[in-house]
2 protein chains.
Amino acid sequence: MNIDLKALELFCTVARELSITLAAQRLGRAPSNVTTRIQQLESELGVSLFLRKNKRLHLSPEGEQFLVYAQKILSVSEEARQILHPDKPGGSLRIGAMESTAASRLPEALASYHRKWPEVALSVTTGPSAPMLEAVQARSVDCAFIAPAVGTEGKENSELSSMGLVGQPVFREELMLVLPEAHPPITSAADVAVGSLATFRPGCTYRSIAEEWFRKGGVNPSSIPNIQEVGSYHGMIACVCAGTSACVIPKSVIELLHEPVGIQQIPLKTIDTWLVWRENYDTPALRELISILSGAHATQGR
Amino acid sequence: MNIDLKALELFCTVARELSITLAAQRLGRAPSNVTTRIQQLESELGVSLFLRKNKRLHLSPEGEQFLVYAQKILSVSEEARQILHPDKPGGSLRIGAMESTAASRLPEALASYHRKWPEVALSVTTGPSAPMLEAVQARSVDCAFIAPAVGTEGKENSELSSMGLVGQPVFREELMLVLPEAHPPITSAADVAVGSLATFRPGCTYRSIAEEWFRKGGVNPSSIPNIQEVGSYHGMIACVCAGTSACVIPKSVIELLHEPVGIQQIPLKTIDTWLVWRENYDTPALRELISILSGAHATQGR
DNA sequence: TTTCAATATTCTCTATTTAAGAATTAAATT
DNA sequence: AATTTAATTCTTAAATAGAGAATATTGAAA
């Protein structure tokens, strides 16, 4: 019973790289050592973590199970380490974010964070709000920027706390319906006449909001023929410029485009972006993020 | 960054004993070594975990914080270890239980468990249902025997899953109202005429049930003058025998008493005892407990 | 088919770390 | 003041980790 946090990191790296040499290189140590420590971990646990087939590694079923636990242990101990030093941000901060936030809001904030605290290893993962919330719970990220699900306005805090999370609003986004330039001006949802609605995959809150808007305007969203799933905001805009689609995008993202040409925008709704984290995850690195975001507000709205 | 699970156990032991010598003895190693490893852990973390005052140890504030994390890490790694060996129960299983279950049901079950799997380190903590559920969530026990709160009959599973737990009913208890022998026979709650109701501290589901029964019988429970809090079932029975109190006890507990003399019993309600555990805590040691409990059913009711 | 390169592993050697025991220090008790 | 108790320091032996060279096995290239 002598497992080492270093051994767990080593295992996680090998599991990610699926190569002893690459892992060794990334960890800055000799491959022979990596081999030995993995073998030692395996004998300690009494299972094979990897299947060696023809000099190539795969995770064994046990390895996959153990990987989850190894990451959890590392995450808890990283949290502990930070809690013990309430003054100095340090260690790592794994941030989850919606695509839109990552595009429009984070670059500036994270750059200034990194300038101030270069010793904090920031990482960003993007995805829709719902899976991001699960990722926070599951400790695969430490905090996340999300849009509360439709219909939860005003009770975000109780929603979060029932998941063991807490959070606060940090950005206010103005959601725009984006239409081709040539589209006749509209006064209601019923006037929208396009071939498809370009959106991200389901789970995206903005997509639900778009559908709700059509529903409230008396339009059955399923009457918008093809919901066309696109992988990026640039892709969406392209679809709109092509004249066949509409899409819903926060104003702040549209402003990023060098020339918002070939499109017209109609405000749909304003919606808050929340930063959420696990209850008790009260680390200096996170507090610093929050404080930087609050500073930003002074200059950039909300 | 070289923390060892052994170092964490060592720290937890010292934190519990608040003594290097006792901890060393309990761990089977030399005191000098314990000192050194604690110092090493402290320098690794960059904080003092203990306050040394006059050769006596106290946990420092940082130490208290870290203790929580250390226990969490050990609990997760113990869980990992077990998950990797789906066939053989082993390691430890920390059981929480209501006083009544611990008294009436567990002795036989745990004895047979221990006979079959002596290598599993079983431990039992008792307490009311509500705090036990929190203890399971907080990982200070691995599973617990509880009585679902009043008013949740039929929706136990959804209640549990909203706490990240799962469970199943394992015992059926017949709750008895216990009265002094000399008390005139009763036909309803209103007939009960005793000076006080002897119960455990609040939080005990059986106590809520007793109060509910009085309420349903048209009696304001606050009209039962002193709710007298007692520390054990034997104490309760003694109060009843003394002629001044009534109490509510599962029949199975009453049957434990060598001579249920000087009391009369009236059935109040049957209620299931549930065994609950964290979702994903699917260890062989727990499965074995469940299987032993199911075997017991065949012979002893439910 | 043979050769070469890539890769995990084994082996050997050295440096580091861990653990025990003896000696030391400091307070509390008699 | 002497004794006991408890933590720490010092010293030494054993265990362990890590580097590097050597080995074996596979896949690719000639």
Side-chain angles (χ1 to χ4, degrees), chain A residues 1-64 66-67 70 73-74 77 81, chain B residues 1-60 62-64 66-67 70 73-74 77:
Chain A
M1 159 91 68
N2 205 0
I3 297 177
D4 201 298
L5 293 190
K6 259 197 221 152
L8 295 181
E9 277 180 51
L10 193 146
F11 165 67
C12 289
T13 310
V14 176
R16 196 145 32 87
E17 304 285 349
L18 287 179
S19 151
I20 298 281
T21 16
L22 287 187
Q25 181 168 323
R26 164 178 275 265
L27 294 162
R29 47 183 62 193
S32 63
N33 181 29
V34 176
T35 298
T36 317
R37 298 219 63 187
I38 290 289
Q39 288 173 338
Q40 176 183 304
L41 185 59
E42 289 178 318
S43 94
E44 178 66 48
L45 295 170
V47 296
S48 288
L49 296 171
F50 294 98
L51 299 171
R52 282 87 168 165
K53 204 165 190 179
N54 296 349
K55 297 278 154 187
R56 192 141 257 114
L57 297 181
H58 303 277
L59 268 180
S60 72
E62 292 82 11
E64 307 218 15
F66 187 69
L67 181 58
I73 291 171
L74 290 174
S77 61
R81 190 179 298 278
Chain B
M1 161 89 68
N2 204 0
I3 296 177
D4 201 292
L5 292 190
K6 260 198 221 151
L8 295 182
E9 277 180 51
L10 193 145
F11 165 67
C12 290
T13 310
V14 177
R16 196 145 31 87
E17 305 285 350
L18 286 179
S19 151
I20 299 280
T21 14
L22 288 186
Q25 182 168 323
R26 166 177 274 267
L27 294 162
R29 49 183 60 195
S32 63
N33 181 30
V34 175
T35 297
T36 317
R37 297 220 62 188
I38 291 288
Q39 288 174 339
Q40 176 182 302
L41 185 59
E42 289 178 318
S43 93
E44 179 66 49
L45 295 171
V47 296
S48 287
L49 297 171
F50 294 98
L51 299 172
R52 282 88 167 163
K53 204 167 193 180
N54 294 350
K55 297 277 154 185
R56 193 141 256 118
L57 296 181
H58 302 277
L59 269 178
S60 71
E62 292 81 12
E64 306 218 16
F66 187 69
L67 181 58
I73 291 171
L74 290 173
S77 62

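Letters A, B, ... mirror the listed sequences (proteins, then strands); counts begin at 1. Side chains are part of it too, since the values below use all heavy atoms of this structure and drop only hydrogens, waters and symmetry mates.
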- Task: Round to the nearest Å and state the distance from A:L51 atom CG to C:dA8 atom C1'.
- Result: 15 Å

- Query: Does A:S60 use its side chain to pair, donor to acceptor, with the backbone of A:L51 at less than 3.5 Å?
  - Reply: no

- Does a side-chain N or O from B:R52 land closer than 4.0 Å to OP1 or OP2 of D:dA7, or not? no

- Distance, rounded to the nearest Å, where B:L10 contributes CG and C:dT18 contributes C1': 12 Å

- Query: Among C:dA20, C:dT18, C:dA8, which is the nearest nucleotide to the side chain of B:Q40?
  - Reply: C:dT18

- Message: Just the rounded figure in Å: distance from C1' of D:dA19 to CG of A:L27.
- Response: 15 Å

- Query: Separation of A:D4 atom CG from C:dT18 atom C1', in whole Å?
  - Reply: 13 Å

- Message: Distance check needed: D:dG27 P versus A:K53 NZ, whole Å only.
- Response: 11 Å

Provide a list of protein-nucleic acid N or O atom pairs under 3.5 angstrom, restricted to nucleotides 9-14 of chain D.
from, atom 1, to, atom 2, distance (Å)
D:dT9, OP2, B:Q39, NE2, 2.9

- Message: Can you confirm whether more than 12 heavy atoms, excluding those of A:R26, are under 6.0 Å from its CZ atom?
- Response: no

- Item | Spacing between B:L57 atom CG and D:dT8 atom P, to the nearest angstrom | 6 Å

- Examine distances only and state if a side-chain atom of B:R52 and a backbone atom of B:F50 form a donor-acceptor pair shorter than 3.5 Å. yes

- For A:S77 and A:L5, which heavy atoms make the closest approach, and how far apart are they? OG-CD1, 3.6 Å

- Counting just side-chain N and O atoms, does A:R37 come under 4.0 Å of either OP1 or OP2 of D:dA17? yes

- Task: In whole angstrom, give the distance that lies between atom CD of A:E44 and atom P of D:dT16.
- Result: 11 Å

- Message: Counting the atoms with a prime plus P, OP1 and OP2 as sugar-phosphate, which does B:R56 contact under 4.0 Å by heavy atoms, base, sugar-phosphate, or nothing?
- Response: nothing

- Message: So which atom in A:L18 and which in A:L57 form the shortest heavy-atom distance, rounded to 0.1 Å?
- Response: CD2-O, 3.8 Å

- Task: Could you check if a side-chain atom of B:F66 sits within less than 4.5 angstrom of a side-chain atom of B:L59, using non-hydrogen atoms only?
- Result: no

- Atom CD1 of A:I38 to atom P of D:dA17: distance rounded to whole Å? 13 Å

- Task: Give the nucleotide from the list D:dT8, D:dA19, C:dT9 with an atom nearest to the side chain of B:I20.
- Result: D:dT8

- Message: Can a donor-acceptor pair be found, under 3.5 Å and without considering hydrogens, that links the side chain of B:E42 to the backbone of B:S48?
- Response: no

